[in-house]
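These values consider heavy atoms only, across backbone and side chains, with no hydrogens, waters or symmetry-generated copies.
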Amino acid sequence: TTTVDDCGTCDNKCEFAHATPRCEANTCKFTCLPGFIDLNGLATDGCEYQCTPTSTADRPDLAFTDANCDGLDGEWNQGIFVAPAAGGGSNTNPGTRALPMASISAAITAAASQGKRDVYVASGTYPGQLTIQNIQGLIIAGGYSLPDWRRSLNNTSTVGPANPGLQIDGADGGTLQFFTIQGANAITPGASAYGAWVRNSAGVRLEGLTV
């Protein structure tokens, strides 16, 4: 009943990846080794996720650090999720990781109404202008993959083309992180063309953008 080499029956050996096995009441169980997490909750692959928690809070950052080891650069319950329509995004969705929204602007509105801290945007192209108004400390982070929402330099979240591709007005302390912004030509003689345009805003951070 307690022997790891014969747990519950002869020759039933308790073995799990990156874990210390044990046998309790004829059932194989395990404890993850330091630096590994059983993220998916499946015993078949043991402690499959290599991560060491450094904080209970996890804000998106350009190092893509999963500080709380929940499998996301960020926090699952702190964000509104966005994906292209081809990836299942729809503005009739609630903006969860399983049912993401399709529009970054709609997700910003939803985050404000629901008291969420972040907006997580999957890789893909989001046509038209991204307009950000009256945000208070919201983090809008791109570069996530589907369906696992892992973040990588290989994942590109692109906005535009539009003139300007990014327009921020009346924002206070918000962050836009890891996007490609595509501008467009002016359509009337003598008009200006902008990649990104910001006014009447304080403490806005633009991190890791390609404009």
Side-chain angles (χ1 to χ4, degrees), residues 49-51 54-55 57-89 91 93 95-97 100-112 116-169 171-184 194-198 201-211:
Y49 185 51
Q50 188 170 3
C51 186
T54 57
S55 173
D58 185 13
R59 299 172 69 88
D61 63 275
L62 289 180
F64 305 155
T65 303
D66 182 7
N68 62 350
C69 292
D70 65 349
L72 178 76
D73 180 22
E75 298 176 49
W76 295 109
N77 61 354
Q78 284 282 4
I80 298 293
F81 294 79
V82 185
N91 285 342
N93 287 341
T96 62
R97 54 178 164 175
M101 304 187 82
S103 163
I104 301 173
S105 296
I108 292 171
T109 300
K116 301 289 188 180
R117 185 193 66 196
D118 306 330
V119 171
Y120 306 131
V121 183
S123 60
T125 299
Y126 300 85
Q129 183 184 89
L130 174 56
T131 302
I132 301 174
Q133 292 180 305
N134 302 319
I135 61 170
Q136 304 293 321
L138 186 70
I139 302 175
I140 307 163
Y144 292 87
S145 64
L146 295 171
D148 59 6
W149 294 95
R150 300 286 175 87
R151 213 168 178 207
S152 165
L153 291 173
N154 297 321
N155 303 328
T156 303
S157 301
T158 302
V159 172
N163 181 24
L166 169 66
Q167 181 170 306
I168 301 177
D169 197 4
D172 183 12
T175 299
L176 187 69
Q177 188 181 92
F178 200 59
F179 282 88
T180 293
I181 307 296
Q182 293 184 340
Y194 297 89
W197 182 89
V198 186
S201 301
V204 174
R205 297 181 63 87
L206 307 178
E207 299 179 341
L209 300 191
T210 299
V211 182

How long is the gap from [atom1] on [X] to [atom2] on [Y], to the nearest 0.5 Å?
X: L166; Y: I140; atom1: CG; atom2: CD1; result: 8.5 Å
X: Q129; Y: I181; atom1: CD; atom2: CD1; result: 10.5 Å
X: D73; Y: R150; atom1: CG; atom2: CZ; result: 11.5 Å
X: R59; Y: N68; atom1: CZ; atom2: CG; result: 13.0 Å
X: R205; Y: Q177; atom1: CZ; atom2: CD; result: 9.0 Å
X: I104; Y: I132; atom1: CD1; atom2: CD1; result: 8.0 Å

Indicate the atoms forming the closest heavy-atom contact of [X] with [Y], along with that distance.
X: G74; Y: D70; value: O-OD2, 3.6 Å
X: Y126; Y: P84; value: OH-CD, 3.1 Å
X: A141; Y: F179; value: C-CE1, 3.8 Å
X: D118; Y: P60; value: OD2-CD, 3.6 Å
X: N91; Y: A102; value: OD1-N, 3.1 Å
X: L206; Y: L209; value: CB-CD1, 3.8 Å

Donor-acceptor pair, [X] side chain versus [Y] backbone, under 3.5 Å?
X: S157; Y: A122; answer: yes
X: R117; Y: N77; answer: no
X: N163; Y: G183; answer: no
X: R151; Y: D61; answer: yes
X: S103; Y: S105; answer: yes
X: T125; Y: T158; answer: no
X: D58; Y: D66; answer: no
X: S201; Y: A171; answer: yes

- Could you go through the side chain to side chain contact (heavy atoms under 4.5 Å, CB included) check for V82 and V119 one step at a time? CA-CA 7 Å; V82 185; V119 171; 3.8 Å; yes

- Between the side chains of T96 and N93, does any donor sit under 3.5 Å from an acceptor? no

- Output all residues satisfying ring-ring contact (aromatic ring centres under 6.0 Å, His included) with Y144, sequence neighbours left out; order by chain, then residue number. Y120

- Kindly indicate, with the supporting measurements, whether the criterion side chain to side chain contact (heavy atoms under 4.5 Å, CB included) is fulfilled by F81 and L72. CA-CA 12 Å; F81 294 79; L72 178 76; 4.3 Å; yes

- Message: Under the criterion side chain to side chain contact (heavy atoms under 4.5 Å, CB included), I'd like the reasoning laid out for V121 against F178: C-alpha separation, chi angles, the key distance, then a yes or no.
- Response: CA-CA 10 Å; V121 183; F178 200 59; over 6 Å; no

- Query: Going by heavy atoms in the side chains, are L176 and L130 under 4.5 Å from each other?
  - Reply: yes

